[in-house]
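Following: one structure in structure tokens, then a few remarks.
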Number of protein chains: 2
Amino acid sequence: MVSGYAGTMADNTPYAPRRIRALPSWLLGRAAARGHRLVADALAAEGMRMMHHAVLSAVAELGPVSQAELGRTLGIDPKDMVALVNDLQRDGLVTRTPDPGDRRKNAVEISADGRRRLRRTQRLGDRANAELTAALTPAEREQLIALLTRIALPEE
Amino acid sequence: MVSGYAGTMADNTPYAPRRIRALPSWLLGRAAARGHRLVADALAAEGMRMMHHAVLSAVAELGPVSQAELGRTLGIDPKDMVALVNDLQRDGLVTRTPDPGDRRKNAVEISADGRRRLRRTQRLGDRANAELTAALTPAEREQLIALLTRIALPEE
DNA sequence: GGATGTCATTGGGTTCCCCAACAATAACCA
DNA sequence: TGGTTATTGTTGGGGAACCCAATGACATCC
């Protein structure tokens, strides 16, 4: 260890950029990245991505629903929604039929296979979230959820 | 409103996918996205992105530091770090000189212009974070920071 | 002094995000 | 009624953050 500057003393510096790490936006980004990694890795076992699972879950809850409505409730871009529903339809997890009442819309509905798949991906997602919040007590986890809910809404 | 399915009843449905929205990973993603949007929009006034500000702030705190060390403390990929330091150097905010003690390393150091820029971007970042957590009391904000800190760490 | 590791850099790749356009269709309203 | 306005699904282009692998120059370890 010849050089005199801090960069070579990685191991004993407590934790470097305090200013940045104290910002909620930074911490949120880091925590979200870890959560995404955990969930994505878990869902990869079923060949799905996080957004696939989110859409499938939303379709199950909303019943027959248009893609635009899905995009609105999940905050997904219409462009990406097309690809996601394409994937789910190709795998037989949802059906995409023309809405008889509004010929612009697709009525996206979950299939029997979709329900079976959803049960598994929900288990995987829940387990990943348990790991994500493993350092927290159940009460703290609820606290976190409550706080996040209040700052997550974009507007409205 | 002719169609009978839920997709056309966007306005009165309370809030759709409860199952998804209750997951910490989902809430974290949404909250992080909003935080990123707020900070990014604020920093755009100075022609900088969030990662530029993070690196600049870290360089200011760590003194002359190698890119690898910066990447480690901030969780930034070496590939992206090259581009970020390129940008900061091009704008005269940091200097990149060969480390005399270790010729593999670049000693990245903040410049006078960098310090001036950092003061402004810190103000902008703090203001964006205040807006992000505007719905929270100061105590709740501290609570959130504490909880996030405990789940944000990847491993180690 | 030879194996092993690190540093900066280049390259390739994915996911998610955002904006703009389009034709078809629906809703609005004068 | 008819003409404007809005919405829907789709295609297109592009950016930002992430991840993995490889390279040559250089340090470190044994």
Side-chain angles (χ1 to χ4, degrees), chain A residues 1-3 5 7-8 10-11 25-26 28-30 32-41 43-44 48-55 65-72 74-87 89 96-108 154, chain B residues 1-3 5 7-8 10-11 25-26 28-30 32-41 43-44 48-55 65-72 74-87 89 96-108 154:
Chain A
M1 200 165 289
V2 180
S3 169
Y5 67 77
T8 52
D11 299 334
S25 57
W26 181 261
L28 280 171
R30 292 294 112 182
R34 186 164 97 97
H36 183 274
R37 217 176 309 132
L38 286 169
V39 174
D41 288 352
L43 292 181
M48 291 176 74
R49 283 176 288 143
M50 219 180 56
M51 287 304 179
H52 287 135
H53 173 237
V55 170
V65 61
S66 71
Q67 297 179 195
E69 164 87 6
L70 279 173
R72 258 178 259 118
L74 290 175
I76 298 179
D77 192 85
K79 176 196 182 73
D80 302 321
M81 185 61 69
V82 172
L84 288 170
V85 177
N86 280 348
D87 293 341
Q89 188 183 27
R96 178 153 51 175
T97 55
D99 179 357
D102 186 338
R103 304 220 301 277
R104 295 170 302 177
K105 297 181 181 177
N106 289 334
V108 181
Chain B
M1 197 166 290
V2 181
S3 169
Y5 68 76
T8 53
D11 299 336
S25 57
W26 180 262
L28 278 171
R30 294 293 113 182
R34 186 165 98 95
H36 183 274
R37 218 176 308 131
L38 286 169
V39 174
D41 288 352
L43 292 181
M48 290 177 73
R49 284 177 286 142
M50 220 180 56
M51 286 305 180
H52 286 135
H53 173 237
V55 170
V65 61
S66 72
Q67 297 180 194
E69 164 87 6
L70 280 172
R72 257 179 260 117
L74 291 174
I76 297 180
D77 191 85
K79 176 197 182 76
D80 302 322
M81 185 62 70
V82 172
L84 288 170
V85 178
N86 280 347
D87 294 341
Q89 188 183 28
R96 178 153 52 175
T97 54
D99 180 355
D102 186 337
R103 304 221 302 277
R104 295 169 303 176
K105 298 183 180 176
N106 289 335
V108 181

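Below, chain A is the first sequence line, B the second, and so on; all start at residue 1. Because the structure is a prediction, the values reported are computed rather than measured.
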Contacts of [X] that satisfy salt bridge (charged side-chain N to carboxylate O under 4.0 Å, His left out) - sequence neighbours left out:
| X | result |
| --- | --- |
| B:Arg96 | none |
| A:Arg104 | A:Asp102 |
| B:Arg30 | none |

Under the rule for side chain to side chain contact (heavy atoms under 4.5 Å, CB included), what residues qualify as partners of [X], not counting sequence neighbours?
| X | answer |
| --- | --- |
| B:His52 | B:Met48, B:Arg49, B:Leu84, B:Asp87, B:Leu88 |
| B:Ala68 | B:Ser66, B:Arg72 |
| B:Asp80 | B:Ile76, B:Asp77 |

Using whole Å, what does the distance between atom [atom2] of nucleotide [N] and atom [atom1] of [X] come to?
| X | N | atom1 | atom2 | answer |
| --- | --- | --- | --- | --- |
| A:Leu74 | C:dC16 | CG | P | 12 Å |
| B:Asp102 | D:dA25 | CG | P | 16 Å |
| B:His52 | D:dG15 | NE2 | P | 14 Å |
| A:Leu84 | C:dT14 | CG | C1' | 14 Å |
| B:Lys105 | D:dC26 | NZ | P | 15 Å |
| A:Asp99 | D:dT7 | CG | P | 17 Å |
| B:Met81 | D:dA17 | CE | P | 12 Å |
| B:Met50 | C:dC17 | CE | P | 14 Å |

[atom1] of [X] to [atom2] of [Y]: how many Å apart, nearest 0.5 Å?
| X | Y | atom1 | atom2 | result |
| --- | --- | --- | --- | --- |
| B:Asp41 | B:Arg37 | CG | CZ | 8.0 Å |
| B:Asn106 | B:Asp99 | CG | CG | 9.0 Å |
| A:Met81 | A:Asn86 | CE | CG | 11.5 Å |
| B:Leu74 | B:Met51 | CG | CE | 7.5 Å |

Among C:dC17, D:dT11, C:dA8, which nucleotide has an atom closest to any side-chain atom of B:Val82?
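My answer, after comparing the listed nucleotides, is C:dA8.
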Is the distance from OP1 or OP2 of [N] to the nearest side-chain N or O of [X] less than 4.0 Å?
| X | N | result |
| --- | --- | --- |
| A:Asn106 | D:dT10 | yes |
| A:Arg104 | C:dA27 | no |
| B:Arg96 | C:dA8 | no |
| A:Arg103 | C:dT25 | yes |
| B:Arg72 | C:dT6 | no |
| A:Gln67 | D:dT7 | no |
| A:His36 | C:dC16 | yes |

I'd like to compare against my own output: the B/S/- annotation of nucleotides 18-23 of chain C with a strict under-4.0 Å heavy-atom distance to protein.
BB----
Between B:Gly29 and B:Pro78, which residue's closest nucleotide on DNA chain C lies nearer the 5′ terminus?
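With B:Pro78 and B:Gly29 compared, the 5'-side residue is B:Pro78.
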Let me test you: for the helix from C:dG1-D:dC30 to C:dA30-D:dT1, what is the angle between the axes at its two ends (five pairs each), rounded to 10 degrees?
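Inter-axis angle at the ends, rounded: 30°.
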